[in-house]
Q: 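Below you will find the structure I want to go over with you.
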Amino acid sequence: NAGVMQNPRHLVRRRGQEARLRCSPMKGHSHVYWYRQLPEEGLKFMVYLQKENIIDESGMPKERFSAEFPKEGPSILRIQQVVRGDSAAYFCASSPARGRPAGELFFGEGSRLTVL
Amino acid sequence: AQSVTQLDSQVPVFEEAPVELRCNYSSSVSVYLFWYVQYPNQGLQLLLKYLSGSTLVESINGFEAEFNKSQTSFHLRKPSVHISDTAEYFCAVSDRSLRGNQGGKLIFGQGTELSVKP
């Protein structure tokens, strides 16, 4: 009974490279959320996706960041031309289509991005 | 807009001592309230939640939190902590008016690191 799976757990990139973070939600879950945790800060909402749809991307930086959740395969958070300020832990969470109260999310263990 | 403040970044306590982790929130709308826990090298797990009804909510491992609307607080307490409670604890809110899974858009506090010593 796998939980939310994120990979890679740790990723090191040089400035200007691209980072791709993957998230496979729990079985039966069709809603995915991405959160970012900067050093010494709490988690900040980035984006909420359903299969093939971005529902709310109000927390995504306007440039260089994108997210997708295709019909098949994991959700991907993509950061182009990374800068040192992108160094953070990126958490993915999922919830089922129905049946859970608002806010009850299942989180992955996070992907820790370090930009050199 | 909402914001959440966890007043203590680190709380060291001895085993079997009581503990209180403080959480205050600010919001122009009604909110749901949550405590999540993150054990070392793991993802966040829901510890307890307040949606409606009794303002005192409890978890299965002895934690409780009380919603205080007048003080806009949702402090987490445990009368006697164990070494295994060592973790980071996050308080969070979501907007009640958000429909369905839009409620997964949570506003988190900065986290409180609880360290239980023998």
Q: At a 4.5 Å cut-off on heavy atoms, which part of B:Gln38 comes close to chain A: side chain, backbone, both, or neither?
A: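 For B:Gln38, the contact with chain A is made by the side chain alone.
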Q: Less than 4.5 Å to any heavy atom of chain B: does that hold for the side chain of A:Gln37, its backbone, both, or neither?
A: side chain
Q: Please check if any side-chain donor atom of A:Ser75 sits under 3.5 Å from a side-chain acceptor atom of A:Trp34, or the reverse.
A: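 Indeed, the side chains of A:Ser75 and A:Trp34 share at least one donor-acceptor pair under 3.5 Å.
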Q: What residue, out of A:Ala93, A:Gly110, A:Gly108, has the most heavy-atom pairs lying under 4.5 Å from chain B?
A: A:Gly108
Q: May I ask you to decide if A:Gln50's main-chain N or O and A:Ser30's side chain share a donor-acceptor pair within less than 3.5 Å?
A: no
Q: Among B:Gly111, B:Gly43, B:Ser9, which residue has the highest count of heavy-atom pairs closer than 4.5 Å to chain A?
A: B:Gly43
Q: Look at the aromatic rings of B:Phe63 and B:Tyr89 and report parallel, tilted or perpendicular, splitting at 30° and 60°.
A: tilted
Q: Using distance alone, with no hydrogens and no angle criterion, decide if B:Ser26 and B:Asn24 have a side-chain donor and acceptor under 3.5 Å apart.
A: no
